[in-house]
Amino acid sequence: MTKESAVNESFVGGATSRHAPLAMDAATFRKLGHRLVDQLAGFLESLPSGPVTRDESPSVVREALDLTGPLPEMGTDPGPLLQETAQLLFAHSLFNGHPRFFGYITAPPAPIGILGDFLAAALNPNVGAWTLSPAATEIECQTVRWIAELIGYPVNCGGLLVSGGNMANFVCFLAARTAKADWDIRKRGVFENPARKLRVYCSGETHTWIQKATDLGGLGTDSIRWIATDSKSRMDVSALRRQIEADTAAGDAPFLAVGTAGSVSTGAVDPLPEISALCKEYGMWFHVDGAYGGFAAAVPQANDDLRGLCLADSIAVDPHKWLYAPLEAGCALVRDPEMLRAAFAYHPPYYHFDEPATNYVDYGPQNSRGLRALKVWLALRQVGAEGYRKMIADDIRLSRAMAQAISRHAELELMTQDLSITTFRYMPSDLRARLRESEVESHLDALNRELVDRLQRGGEIFVSNAIVGGRYVLRACIVNFHTTQADVEAVPDIVARIGREVDTELRPTTSRSQ
């Protein structure tokens, strides 16, 4: 027997077959999988009756999970390993699937999405090339079309699934940069004409992705023109026009205006149709950051300005927000699919069996890509457009109900309500008449800052914060199909109870009687 045949022999059946430590026979996989699903189902079922999170320090979490030791030399039985890990994760995590999680714009994972991720991991396709992922690629193509259809965007657009809103906006930004530069920017870079600076326009409510995009895209954050907003935190289109005209007169190149469809702080929606018209007038690319609020365009109750989504050259939306997909799932949509290829492709169009086929490596920055689309596609098929319209409308209705409950409470001040975000603050009754006093406003800011921290650590509800009109306020966002009317109506009393405790600690007794 030759050396080569001996090596081959060691990898075929019989006693000489290979045994890899990671391998698992079907019976064991089935047993462990069923046990894990049963365990997770029990945890999820009990979730509403437990705390949103627990007040634990990083060191306590590390110690509980035994995360300080060296890499073990020998392996562990996978059965107890999975069971113990699941128990520990559920004992030491924050649960965005809890019905009283109102913090950041992260949704509970749809059960079919959880199972979809399980199925996608088992298949493990690389959705960068069609030949490596034929079924997965076509599922992603249909998912992109369905997302566009749901929000009223042209279904013949281009698009792809990415990790989240930052990356979706970044993909669209690079498409705009390539399309609107009047030189080969991919070949010669952004400094081909230093005297003609590319300019980006957005409001102060725009998410910080824009700084990352201008930084990583080579323009630098000084390329951003921050446009003033009105009393409702919407971009001032007259101010936008004046800035574009001033930059054009100075020899700069205005190429991109960003409209926000649902700001992170308050849910504000920019006047998208007006911004679109201005972009057409000046030959600029119009992009909409709809990572949070874009899907609200599907419901009749939403802001009328959301109808302007259909006018955009590109849109970013996040299925892991208002489509309730498990993380990660963002989506970039571009009206002209060729603009994505122009920004990212280094290959000619791909054909398979003489048919055009999609290679997602040519539509975005990744080469290796997982099957993010499956969990979104399954959920869209399970509930349909009608199901999503109902759930999104319910979230908006519940946010409005929360705002009404807050406005009725003597110790709370409602600040804003838009889409499914409500902002408010705790205000001791005896201070309402003294709001013009600077020391009172300083006290209220300090009080509400501490109140947010207490609420986040307390586990009864989880809210975040925002700055509205220069004031530090509490922010509650609902993108949660588990949340009920009872959950939102419980918020005012919980906030007021903890607020009184904080106020008592921060304010001397003498000042309370003044």
If you round to the nearest 0.5 Å, how far is [atom2] of [Y] from [atom1] of [X]?
X	Y	atom1	atom2	answer
Met415	Ile421	CE	CD1	14.5 Å
Thr85	Gln39	OG1	CD	9.5 Å
Tyr350	Asn359	OH	CG	6.0 Å
Ser223	Leu198	OG	CG	8.0 Å
Thr76	Leu82	OG1	CG	11.0 Å
Cys202	Ile227	SG	CD1	7.5 Å

Charged N-O contact under 4.0 Å between [X] and [Y]:
X	Y	answer
Arg372	Glu328	yes
Asp38	Arg35	no
Arg449	Asp453	no

Tell me if a side-chain donor or acceptor on [X] pairs with a main-chain N or O of [Y] at a distance below 3.5 Å.
X	Y	result
Asn126	Arg369	yes
Glu140	Leu161	yes
Asp236	Ala228	no
Tyr104	Ser464	no
Lys375	Pro326	yes
Arg177	Gly217	yes
Thr53	Gly459	no
Asp230	Lys232	yes
His98	Gly50	yes
Arg307	Ala297	yes

Notebook entry, point to check: Without hydrogens or angle criteria, can the side chains of Ser59 and Ser57 be said to hold a donor-acceptor pair below 3.5 Å?
Noted result: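 Looking only at side-chain atoms, Ser57 and Ser59 do form a donor-acceptor pair, the distance falling under 3.5 Å.
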Notebook entry, point to check: Taking atom types as modelled and ignoring hydrogens, do the side chains of Tyr292 and Thr260 form a donor-acceptor contact shorter than 3.5 angstrom?
Noted result: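 No donor-acceptor contact under 3.5 Å links the two side chains.
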Checklist line | Nearest heavy-atom neighbours spanning Pro337 and Cys157 | finding: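 Smallest heavy-atom distance, with atoms named: CG-C, 3.7 Å.
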Is any side-chain heavy atom of [X] closer than 4.5 Å to a side-chain heavy atom of [Y]?
X	Y	value
Val491	Phe424	yes
Thr206	Ser203	yes
Val479	Thr106	no
Met235	Ile275	yes

Notebook entry, point to check: Is the number of heavy atoms from other residues, nucleotides or ligands within 6.0 Å of CZ (Arg381) greater than 12?
Noted result: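 Count not over threshold, so no.
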Margin query: For the CD atom on Glu63, are there more than 12 heavy atoms of other groups (residues, nucleotides or ligands in this structure) within a distance under 6.0 Å?
Written below: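 Open.
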Notebook entry, point to check: Picking from Thr483, Thr422, Thr484, what satisfies side-chain contact (heavy atoms from CB on, under 4.5 Å) with Leu398?
Noted result: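 Among the candidates, only Thr483 passes.
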Next item on the list: Run through Asp418, Ile478, Leu419 and flag the one making a side-chain contact (heavy atoms from CB on, under 4.5 Å) with Ser399.
Entry: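 Of the listed options, the one satisfying the test is Ile478.
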Note to self: Using 30° and 60° as the class boundaries, would you call the ring planes of His352 and Trp130 parallel, tilted or perpendicular?
What the structure shows: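 Judged by the thresholds at 30° and 60°, the geometry between His352 and Trp130 is tilted.
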Item checked: Plane angle bin for Phe173 and Phe170 - parallel if under 30°, tilted between 30 and 60°, otherwise perpendicular ->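 Judged by the thresholds at 30° and 60°, the geometry between Phe170 and Phe173 is tilted.
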Check: Aromatic ring centroids of Trp209 and His287 under 6.0 Å?
Finding: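 Here the rings of His287 and Trp209 have centres that are less than 6.0 Å from each other.
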Margin query: Counting the benzene-type ring for Trp, do Trp285 and Phe255 have ring centres under 6.0 Å apart?
Written below: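 Between Phe255 and Trp285, which both carry aromatic rings, the centre distance is not below 6.0 Å.
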Next item on the list: Decide whether a cation-pi geometry holds between Arg335 and Phe286; the criteria are a distance under 6.0 Å from NZ or CZ to the six-membered ring centre and an angle within 45° of the ring axis.
Entry: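 Not satisfied by the 6.0 Å and 45° rule.
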Next item on the list: Verify side chain to side chain contact (heavy atoms under 4.5 Å, CB included) between Asn448 and Leu474, making sure each step is shown before the conclusion.
Entry: CA-CA 7 Å; Asn448 283 278; Leu474 283 65; 3.2 Å; yes
Item checked: Stepwise side-chain hydrogen bond (donor to acceptor under 3.5 Å, both in side chains) check, His482 with Asn480 -> CA-CA 5 Å; His482 296 309; Asn480 192 332; 4.9 Å; no
Next item on the list: Please identify each residue that fulfils side-chain hydrogen bond (donor to acceptor under 3.5 Å, both in side chains) with Asp313, with sequence neighbours left out.
Entry: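 Expected list: none.
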Note to self: If the condition is side-chain hydrogen bond (donor to acceptor under 3.5 Å, both in side chains), which residues does Asp215 pass it with, not counting sequence neighbours?
What the structure shows: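 Listed in chain order: nothing, the list is empty.
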